[in-house]
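Note: hydrogens, waters and symmetry copies are ignored here, and every other heavy atom, side chains too, is used. Read the numbers this way: they start at 1 and go in the same order the structure lists the ligands and their atoms.
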Amino acid sequence: MNRTFSIIKPDATKRNITGAINKIIEENNLVIIAQKRIKLSKDKAEGFYAIHKDKSFFNDLIEYMTSGPVIVQVLEGENAVEKYRRIMGATNPENAEDGTIRKLFALNVQENSVHGSDSVENAQVEIKFFFKPEEIVG
Ligand code: IDP
Ligand code: MG
């Protein structure tokens, strides 16, 4: 069992498809053990994506991630980090496998509906960035 951090991004909250995404998460035996709807500040978004600060897409990414509400989540299950990356699909939906969240819902490489941690270590850091221990009920 382990935990991963997820964000349902603004393109998805705007289209009211957060339930459709949660359905796929739950059908894959990941349990949503924490969840809240928030609006990211510029500072918070820049801190979260600091690793990408030198990328050409960074400014657009911050503008997009602060353009509407997001749902931040903690997911728990067997190999949660790896499993969620698999059910999310590739960053660019054009390269995503059939049945993945990004293949089904993403609009393009930026507006790709979901974030998921890429390692167990990063999952721990990202969960702490958004949740207090008492907000997580496993
Ligand atoms: P990931 O979300 O699949 O881990 P990352 O490479 O970590 O992908 O990129 C973080 C986010 O930045 C992506 O999910 C996407 O929203 C955005 N992004 C990544 N690459 C591009 C790009 O080439 N153009 C525009 N946005 C991008
Ligand atoms: Mg990433």
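Residue contacts with ligand 1 leave out D118, since none of its heavy atoms falls under 4.0 Å from the ligand.
Side-chain contact between Y64 and E111: present, with at least one pair of heavy atoms (C-beta onward) separated by less than 4.5 Å.
Atom 17 (C) of ligand 1 has its closest protein heavy atom at L61 CD1, 3.8 Å. The protein atom (non-hydrogen) at minimum distance from atom 4 (O) of ligand 1 is R85 NH1, 2.9 Å. Atom 8 (O) of ligand 1 has its closest protein heavy atom at T91 OG1, 3.3 Å. Summary of contacts: the protein heavy atom closest to atom 24 (N) of ligand 1 is V109 CG1, 3.6 Å.
Taking any N or O of K9, backbone or side chain, at least one lies under 3.5 Å from an N or O belonging to ligand 1. For a threshold of 3.5 Å applied to N or O pairs, the pair formed by Y64 and ligand 1 contains no separation below that value. For ligand 1, the polar-atom distance check against H115 finds no nitrogen or oxygen pair separated by under 3.5 Å.
Judged purely by atom type and a 3.5 angstrom limit, K36 has no side-chain atom pairing as donor or acceptor with the backbone of V72. Checking side-chain atoms of R85 against main-chain N and O of V81 turns up no donor-acceptor pair under 3.5 Å.
The closest heavy-atom contact to atom 22 (C) of ligand 1, among the options Y49, F57, F58, comes from F57.
Remark: ligand 1 atoms within the under-4.0 Å shell around heavy atoms of N112 are 13 (C), 14 (O), 15 (C), 16 (O). In the vicinity of H52, heavy-atom distances shorter than 4.0 Å reach the ligand 1 atoms 5 (P), 6 (O), 7 (O), 9 (O), 10 (C).
Using a 4.0 Å cut-off between charged side-chain N and carboxylate O, E82 and R86 make no salt bridge.
Applying the ring-ring contact (aromatic ring centres under 6.0 Å, His included) test to pairs two or more places apart or on separate chains, those with a residue in residues 117-138 are F5-F130, F48-F130.
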